[in-house]
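Shown next, in structure tokens, is the structure this report addresses.
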Amino acid sequence: MTHRRKLIAGNWKMNKTAADGAALVTELVGTIGKITDVDVVVCPPFTALESVARAIDGSTVKLGAQNLHPESSGAFTGEISAPMLRALFATHVIVGHSERRSLFAETDAFINLKVLAALKNQLRPILCVVESLAEREAGATLKVVQTQLEAGLQGVSKEQMANLVIAYEPVWAIGTGKVATTDQAQEVHAFIRGLLTKLFTEPVAQRVRILYGGSMKPANAPELLAQKDIDGGLIGGASLEARSFVELVNAASAAK
Ligand code: 13P
């Protein structure tokens with residue numbers, strides 16, 4: 001079986017000023033700044049990208065953004081493009097987060113354009129696929145995930161898939177303290193990998209990291225990260241404090 005290095009990504013959402021963000025990552029770099037057996041990514045708000053980039057310089061911690069616009073430049077007031085993110089040394093970008101889908105009405109087609117723009121500009125997209133409680137209760141989870149994945153990955157080549165990360169985020173588990181059971185999460189992750197095998201090839205599917213996101217905490221991480229198809233976490237709340245984020249990185253290191 002292909003060995004996939006675990007990836008822990010912190011999604012700070014709309015939290016931390018430039019100064020607060022730099023202080024948090026300075027603490028992270030002090031403890032996990034040389035870690036090489038786990039990939040660590042922090043995704044601050046746009047306004048903190050530059051200060052965080054400076055604070056992680058020379059460490060193994062990588063920088064991600066939380067969103068991007070598909071166009072490179074132009075009349076898109078309030079938007080940020082892939083080349084702008086690259087210029088700030090971002091390597092990753094979250095695309096299609098559930099909050100973007102539900103609060104900002106992002107469609108699968110628009111999310112697909114963002115994925116393609118990220119890849120074209122050497123940014124690694126962390127493509128989120130999400131499921132609501134109503135969808136889970138209706139037994140529609142796998143169908144919903146399939147639709148989002150197929151649409152989000154339109155036009156992505158096998159070669160590009162090596163640079164793409166997928167995150168499964170059950171909306172009902174985000175910020176609620178309600179975590180999906182390990183069986184529920186593993187079932188969806190295995191389904192996603194199976195779908196990637198069909199859409200691409202088995203070796204491609206074995207290489208792609210699939211993260212779990214939704215109330216992942218030091219207490220539940222070891223069990224989730226021990227699952228065959230769970231390759232890391234996209235962490236909200238627990239990424240805002242150095243201690244819990246470091247514990248999650250250590251849990252990923254222990255689970256490898
Ligand atoms: P929480 O970890 O706060 O539930 O957030 C998950 C999430 O949405 C990460 O993108």
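The figures here come from the full heavy-atom set of this structure, side chains too, leaving out hydrogens, waters and symmetry mates. Whatever order the structure lists ligands and atoms in, that order sets their numbers, starting from 1.
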A side-chain contact here means heavy atoms from C-beta on lying under 4.5 Å apart; do [X] and [Y] qualify?
X	Y	result
H189	Q227	no
R101	Q148	yes
P218	L248	yes
R209	D39	yes

Requested in this report: Run the contact test for G214 against ligand 1 with a 4.0 Å cut-off on heavy atoms, strictly below, and give the result.
Outcome: yes
Numbering as shown, the atoms of ligand 1 that approach [X] to under 4.0 Å (heavy-atom distance):
X	value
A173	4 (O)
S215	1 (P), 2 (O), 4 (O)
G175	1 (P), 3 (O), 4 (O)
L234	9 (C), 10 (O)

Below 3.5 angstrom, do we get any N/O pair linking [X] and ligand 1?
X	answer
I235	no
G237	yes
T176	no

Report summary line: Checking heavy atoms under 4.0 Å, the part of N11 that sits near ligand 1 is side chain
Query raised in the report: Among E99, Q66, K217, H97, which residue places a heavy atom closest to atom 10 (O) of ligand 1?
Result: H97
Query raised in the report: In terms of side-chain heavy atoms, does E169 have a donor or acceptor partner in H97 at a distance below 3.5 Å?
Result: yes
**Report entry** Distance-only donor-acceptor check, side chains R4 and Q206, under 3.5 Å
**Finding:** yes
List the atom pairs, donor and acceptor, that lie under 3.5 Å between side-chain atoms in residues 42-52 and the rest of the protein, sequence neighbours left out.
| from | atom 1 | to | atom 2 | distance (Å) |
| --- | --- | --- | --- | --- |
| S51 | OG | A18 | O | 2.7 |
| S51 | OG | A48 | O | 3.3 |

Report summary line: Nearest non-hydrogen protein atom to atom 9 (C) of ligand 1, with distance, is E169 OE2, 3.0 Å
Query - Protein heavy-atom partner closest to atom 2 (O) of ligand 1 - residue, atom, separation in Å - result: G236 N, 2.9 Å
Side-chain donor-acceptor pairs under 3.5 Å in residues 234-244, sequence neighbours left out?
| from | atom 1 | to | atom 2 | distance (Å) |
| --- | --- | --- | --- | --- |
| S239 | OG | I235 | O | 3.2 |
| S239 | OG | G236 | O | 2.7 |
| S244 | OG | A238 | O | 2.9 |
| S244 | OG | E241 | O | 3.3 |

